[in-house]
Amino acid sequence: MTNSLVIYNTLTRTKEKFEPLNPPFVGMYVCGPTVYSDVHLGNCRTFVSFDLINRYLLHLGYKVRYVRNITDAGHLEGDRDEGDDKFSKKARLEQLEPMEIVQRYTIGFHDVMRLFNTLPPSIEPTATGHIAEQIEMVKQIIDNGFAYEREGTVYFDVEKYSQGNNYTILTNRNLEELLANTRDLGGQDEKKGRLDFALWIKAKPEHIMRWPSPWGWGFPGWHIECSAMSSKYLGDVFDIHGGGMDLAATHHTNEIAQSQACNHTSPAKYWMHTNMLTVNGARMSKSAGNGFLPHELFTGSHPLLQKGYSPMTVRFFMLQAHYRSTLDFSNEALEASDKGFKRLMNAIDLLDKLKPSATSNVQVGDLKQACYDAMNDDFNSPVVIAQLFEAARIINGVYDGKAQATQEDIEALKSLMDDFVYDVLGLKVEKAETDDIGKIMEFIIQLRSEAKANKDYLTSDKIRNGLQDLGIQLKDSKEGTTWTKA
RNA sequence: GGUCGGAUGGCCGAGUGGCUAGGCAGAGGUCUGCAAAACCUCGUACAGCGGUUCGAAUCCGCUUCCGACCUCCA
C-alpha cells in the first residue's frame with residue numbers, strides 16, 4: 001500500500017498527507033443526488049470524480065466503505081425554511097405519489113451511473129428510510145442546547161453554536177458580516193437568528209410526506225439526513241466527506257455544526273469538494289436552464305451539440321481535467337476527447353499484437369511510477385492520462401516496427417494499462433455487436449484484398465468509401481487491413 | 001457588497017522559481033496504388049503593470065476581466 005497519497009482538504013485549504021483513522025479501512029461519505037428530476041451532466045461529474053477517488057483508494061488496497069445518500073425528502077423548494085419540499089411539489093405537478101417521483105428518478109440515476117461505469121457505493125441510504133435516526137439526532141441537539149422549537153418546527157441556533165464553535169470553518173467567512181449581509185427575505189420567520197436553519201419542519205395540512213415526531217407531524221430538514229446517516233454507517237468521525245463545491249457553504253457547513261452540536265465532534269477528517277462543470281464559462285445548473293441531460297449528450301439530441309458522444313468519451317473528457325478545476329463543456333472539447341480516447345483504446349488493442357524483440361529502445365519503466373505519483377498528488381488524473389498517451393505512442397511505434405520492445409516491456413505496458421485505464425480511471429471498451437460484424441468485416445476485407453491484388457482500385461476504393469459512409473474505417477498496413485468504428 | 005477561486009499557445013486542459021505535460025486542430029515529412037491510421041519534426045503560450053531574484057509564466061503588490069458561494073442546485 002503506497003502511503004504517499006496527498007489530499008486537498010477544504011477544512012485547512014491545503015494538501016495533507018492522507019492518514020486514515022483506522023487503516024486499512026476508509027470511510028467515505030459523498031452527498032448524493034436529490035431525486036426529484038433527471039440528473040444532469042454537472043451532477044454526473046461529481047459522481048465520476050468520486051468514483052475515481054473511490055477506485056484509487058481501492059486500488060491502493062484500502063477497504064473503503066463508500067456511502068452515498070439518496071435525498072428523497074426534506075429538500076425544500078424555496079429558499080426559506082417553509083413551503084414544500086421538492087418531492088411534494090413535483091408530485092403534485094405530475095399527479096403522482098411523491099414516492100413515484102423518487103422511484104423514477106432513482107432508477108434513472110442508477111442507469112446513468114452504470115453507463116458511466118461508476119462503481120456502486122457500499123451503502124446508499126435514503127432520507128425517508130432514516131427518519132427515526134434524524135429525529136433522534138434533532139432531540140439530542142435540542143438536549144445539548146443548540147436547537148429550539150417554534151410551532152412544530154425545530155431550528156438550529158447558529159448564534160448559540162458559534163459562541164463556542166467556528167461555524168464558518170469550512171469557508172472561512174466572517175460570521176458577523178454574514179449575519180449582517182444575509183438578506184431579509186421572509187419577514188414572518190419564526191427563527192431567532194437569520195442564519196438559523198430548520199432541523200425538522202412542520203407539515204402543512206395538505207403536505208403528503210409527513211412523519212410523526214415529538215414536535216408533531218412533519219418532515220426532516222435537508223441537512224440533517226447526511227449527518228444522521230453518515231454517523232450511523234461510518235461513525236461519529238470518519239475519513240472523507242465529499243460533495244460538490246456548491247454544497248460547502250451551506251449544506252456542509254450546517255452538517256459540521258449539527259454533528260458538532262450532537263456528538264461534540266467534527267464529522268470528517270478530510271473534506272473534499274469537486275468543482276463545477278461549466279457551459280460557456282457559467283455553471284451548469286437546473287435553474288439556469290443550461291443543463292445537459294446525459295442521454296441528450298449520448299444521442300446528440302441537444303441543440304448545442306453536433307453529434308452524440310459515448311459515455312466513456314464523456315467520462316474520459318471529465319477525467320482529462322482535475323476534479324478541483326472547473327471544466328468547460330463544448331463541442332470542440334468533447335470532439336478532442338473523443339478522438340484522444342479512441343487513439344488510446346486503439347493502442348491498447350494493439351498490445352496483444354506486438355512482437356517482442358531481444359533488445360529494447362523504449363522507456364516504459366518510469367511510466368507506471370509517474371502515474372502513481374500523479375494520483376498520489378490529490379488524484380491528478382489529467383497527468384495520468386498524459387502518461388498513458390506516452391505509452392500509446394510507444395505501443396504504436398513498436399507495432400509499426402519503428403521501435404523495439406522486449407517481452408518485459410510489453411508486459412509492463414499491459415500492466416500499466418490494466419491498472420490505470422481500467423482499474424483506476426474506470427474506462428472500458430465500448431464495442432457493440434463486434435462478434436457478428438467482425439465476421440462480416442473479415443469477409444469484406446477479404447474481398448477488397450483480392451481486388452487490390454488485382455490492382456482493381458476502383459472496386460477496393462468503392463468498398464472502403466462505402467464503409468466510410470457507414471462509419472467504419474479501414475486501415476491498410478503491411479500486416480493486412482484492420483477496421484475501426486468511427 | 002462580503003468570502004473564495006481563476007486568467008496558460010487556435011480550442012480543451014496539466015504543471016512548475018531555471019530542465020518549458022498531454023489531447024484536439026494546423027504545417028511539413030516518412031510510410032502507402034491512393035487514403036486513413038501510425039510515427040518524426042514544427043509553432044517557443046502563460047491577462048496587464050510594477051517588485052523580489054543570478055533567473056518567474058511559477059513568489060509579492062496593484063490593475064483589469066471572469067467565475068463560484070453568500071438564496072434551491074453536484
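Quick note on labels: first sequence line is chain A, next is B, and so on, each numbered from 1.
Between the side chain of Asp476(A) and the base of rC34(B) there is at least one donor-acceptor pair of N/O atoms closer than 3.5 Å.
The nearest whole Å value for the distance from the CG atom in Asp373(A) to the C1' atom in rA21(B) is 14 Å. Spacing between atom CG of Asn331(A) and atom P of rC24(B) amounts to 17 Å, rounded to whole angstrom units. Separating the CD atom of Gln369(A) from the C1' atom of rA21(B) is a distance of 17 Å, rounded to the nearest angstrom. If you take CG of Leu170(A) and C1' of rC70(B), they are 14 Å apart, rounded to a whole angstrom. For Tyr457(A) and rC34(B), the OH to P distance is 8 Å, given to the nearest whole Å. Following rounding to the nearest Å, His251(A) (NE2) and rA68(B) (C1') show an atom-to-atom distance of 18 Å. Regarding Gln468(A), its CD atom lies at a distance of 9 Å from the C1' atom of rA35(B), rounded to whole Å. The CG atom of Leu195(A) sits 13 Å away from the C1' atom of rG2(B) (whole-angstrom rounding).
The residue Met276(A) sits close to a base: some heavy atom pair falls under 4.0 Å. No engagement by Leu388(A) is indicated, since no non-hydrogen atom pair under 4.0 Å with the nucleic acid exists. Gly243(A) comes within contact range of the sugar-phosphate backbone alone, with a heavy-atom separation under 4.0 Å but no base atom that close. Within 4.0 Å (heavy atoms only), Gly291(A) reaches no atom of the nucleic acid at all. Counting any heavy atom pair closer than 4.0 Å across all strands shown, His273(A) reaches no nucleic acid atom.
Base pairing in RNA chain B gives the following stems of 3 or more Watson-Crick or G-U pairs, range against range and under 3.5 Å: B:1-7 with B:64-70, B:10-12 with B:22-24, B:26-30 with B:38-42, B:47-51 with B:59-63.
In terms of phosphate contacts, Thr250(A) brings a side-chain nitrogen or oxygen within less than 4.0 Å of OP1 or OP2 of rC70(B). Dashed line: the shortest gap from a side-chain N or O of Lys86(A) to OP1 or OP2 of rC72(B) is not under 4.0 Å.
If you run side-chain contact (heavy atoms from CB on, under 4.5 Å) between Ile348(A) and each of Leu427(A), Val421(A), Ile395(A), Val429(A), only Val421(A) comes through.
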With B for base contact, S for sugar-phosphate-only contact and - for none (protein heavy atoms under 4.0 Å), nucleotides 38-45 of chain B reads BSS-----

Treating primed atoms plus P, OP1 and OP2 as sugar-phosphate and everything else as base, which nucleotides of nucleotides 5-18 of chain B get B, S or - for protein heavy atoms under 4.0 Å? ------SSSSS---

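Here Lys452(A) does not pair with Asp456(A) in a salt bridge; the nearest charged N to carboxylate O distance is not below 4.0 Å.
Taking the P atoms as reference points, rA37(B) lies 47 Å from rC70(B), given to the whole Å.
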